[in-house]
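Convention: sequence-line order gives letters A, B, ...; per-chain numbering from 1.
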Amino acid sequence: MASVSSQPQFRYTQPPSKVLHLRNLPWECTEEELIELGKPFGKVVNTKCNVGANRNQAFIEFADLNQAIAMISYYASSSEPAQVRGKTVYLQYSNRQEIVNNKTTADVAGNVLLVTIEGADARLVSIDVLHLVFSAFGFVHKITTFEKTAGFQALVQFSDTETASSAKNALDGRSIPRYLLPEHVGPCALRITYSAHTDLSVKFQSHRSRDYTNPYLPVAPSAIDGSGQLTVGLDGKKLEPESNVLLASIENMQYAVTLDVLHMVFSAFGPVQKIAMFDKNGGVQALIQYPDVQTAVVAKEALEGHCIYDGGFCKLHISYSRHTDLSIKVNNDRSRDYTIPNTPMVNSQPSILGQQPVSVMGPTVQYNGAPYTPSPEQQPGMPQTSAGWGPGVPPMPQSMPMQMHSNPYMPPGTMPPQGMMQSPIQSGLPQSSMLPPYGSGQIQ
DNA sequence: AGCACA
């Protein structure tokens, strides 16, 4: 006998569940209205509204099964139907036992935005530009920036959710206006979600984090160059002009950083003309000269705060030098002029690729000044750019093609000298407590 | 008016 197939979706009796399924709700019914509806019968622990193609269905979940039964029972025998905004609502036990909310933290509105800057040049977007962009919507309290697998990201804190929402709505998916970016920087789009943070912890004003509510916050050591000059004003403006010469200070120098190591690291962004190393304040600093400012800018943005060796060792802090042309008197293990070919020099092949310590750095230095003299104009006929790529001691010449110069940067997340530069170290700023609460794979 | 991530 051909049996009539049962239709499970139209069962008129269902096993009880803490979860009730509601239908015929008014358009875009809110969570608050659902809670109001269920409250007389028990504790509503979860809801899900705007379900279904018409967004007029919902679920409410009670803390206890008996509470759900009480609600169903009440309206089963009541002359007054359940209603929301005067509209009759039909309810029944859900065929599931609990509400699964795919609401991620990114969907919960808050006063802090998680901003992902997309684009090949995302890292070149300064914190000041971000501040400017977001300030259009209200007072920006704090900004932290960091790099994760998702790329270059920032947390932007407003005073309240409303302001943050207006900024998110206006900026999500939009690109940073061109006129706010330097000439050589490509388009940078903003992807914005909410962060679960409510108050960012900013310890210093630095290139990576700012607290605009606290003018007394100390400026990070990384924002001060060798002469103690501020590179970041308390108003968040950079005080130092860009230069083709970078001043790099090396923090936590557990492993010796040789001139050749520096040459290799900095050569990834373009030809290095000259390097001068010296000791200052008990640490090692170096001046690195590029032929042009643009290359230096790219190198600085890419390397600032990064560590040469894994494990937080030899962290680079980079600022612009006031010099434009270093005067290298002698080529030795602390200073070198790569623009002079065939210069005799001590052989010092570094064994850096294995990330092994070359030697332990000791306080062997009594040098008081820099091994260069700051004479701005010297060697007027000096060959520029590729001239210095000759028979010097390029540690990895084959890996640094000349095109580097025209396209000095590399794909996001790839640090130039393989094996040495690790993924950005988050030590120092920003604090781990500021990092977004997601697993690294979930951000998009 | 009839069950939710793709």
Side-chain angles (χ1 to χ4, degrees), chain A residues 3-110 113-116 118 148-151 153 165 168-169 172-173 189-196 436-444:
Chain A
S3 65
V4 178
S5 65
S6 64
Q7 293 178 304
Q9 69 269 41
F10 283 100
R11 290 175 305 183
Y12 284 85
T13 61
Q14 284 144 304
S17 166
K18 295 191 308 232
V19 182
L20 301 183
H21 174 230
L22 319 200
R23 34 188 226 275
N24 200 37
L25 287 160
W27 173 247
E28 303 239 312
C29 172
T30 67
E31 178 169 29
E32 287 69 33
E33 289 171 312
L34 297 177
I35 293 173
E36 281 303 307
L37 193 64
K39 206 159 57 177
F41 305 97
K43 184 170 185 348
V44 176
V45 294
N46 204 353
T47 65
K48 188 176 181 72
C49 36
N50 304 323
V51 168
N54 298 326
R55 299 171 69 81
N56 60 356
Q57 300 175 45
F59 299 91
I60 64 180
E61 178 178 337
F62 284 100
D64 193 84
L65 177 63
N66 293 335
Q67 299 167 352
I69 295 174
M71 186 169 181
I72 291 291
S73 303
Y74 175 83
Y75 285 113
S77 58
S78 169
S79 53
E80 293 292 312
Q83 46 188 33
V84 171
R85 293 183 223 169
K87 197 164 181 230
T88 296
V89 171
Y90 302 89
L91 43 123
Q92 63 191 150
Y93 296 117
S94 170
N95 52 27
R96 300 196 199 178
Q97 291 303 308
E98 60 181 14
I99 292 177
V100 292
N101 262 335
N102 14 307
K103 231 184 224 172
T104 74
T105 116
D107 298 320
V108 181
L113 299 177
L114 173 64
V115 180
T116 303
E118 298 179 332
K148 298 207 75 172
T149 50
Q153 296 188 302
S165 297
K168 177 179 182 292
N169 292 336
D172 188 17
L190 301 173
R191 279 272 111 81
I192 305 177
T193 61
Y194 293 106
S195 163
Y438 318 107
S440 52
Q442 260 182 290
I443 310 175
Q444 51 195 4

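Using a 4.0 Å cut-off between charged side-chain N and carboxylate O, A:Asp64 and A:Lys18 make no salt bridge.
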**Study point:** side-chain hydrogen bond (donor to acceptor under 3.5 Å, both in side chains) evaluation trace for A:Asn101 with A:Asn46
**Key:** CA-CA 9 Å; A:Asn101 262 335; A:Asn46 204 353; 2.8 Å; yes

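In the set B:dA4, B:dG2, B:dA1, B:dA1 carries the atom at the smallest distance from any side-chain atom of A:Asn24. Closest contact between the side chain of A:His21 and the listed nucleotides B:dC3, B:dA1, B:dA4 involves B:dC3.
A distance cut-off of 5.5 Å between ring centres, combined with a plane angle under 30°, leaves A:Tyr90 outside any stacking arrangement with the base of B:dG2.
Going from atom OH of A:Tyr93 over to atom C1' of B:dA1 covers 19 Å, rounded to whole Å. Atom CG of A:Leu20 and atom P of B:dA1 are 19 Å apart (whole Å). One can place CG of A:Leu34 at 17 Å from P of B:dA4, the figure rounded to the nearest angstrom. The separation between A:Ile99 atom CD1 and B:dC5 atom P is 13 Å, rounded to whole Å. Distance, A:Glu98 CD to B:dC3 P: 20 Å, rounded to whole Å. For the pair A:Asn56 CG and B:dA4 C1', the computed distance is 13 Å after rounding to whole Å. Residue A:Asn54 contributes atom CG, which lies 14 Å from atom C1' of B:dC3 at whole-angstrom precision. Straight-line distance from the CD1 atom of A:Ile60 to the C1' atom of B:dA4: 15 Å, rounded to whole Å.
Side-chain atoms of A:Thr30 come within 3.5 Å of backbone N or O of A:Glu33 as a donor-acceptor pair.
Considering A:Leu25, A:Asn24, A:Asn56 as possible partners of A:Val89, the one that fulfils the side chain to side chain contact (heavy atoms under 4.5 Å, CB included) test is A:Leu25.
The nearest heavy atom of DNA chain B to A:Gln97 and to A:Lys87 marks one nucleotide each, and the one closer to the 5' end goes with A:Lys87.
Here A:Val89 lies out of heavy-atom contact (under 4.0 Å) with every strand.
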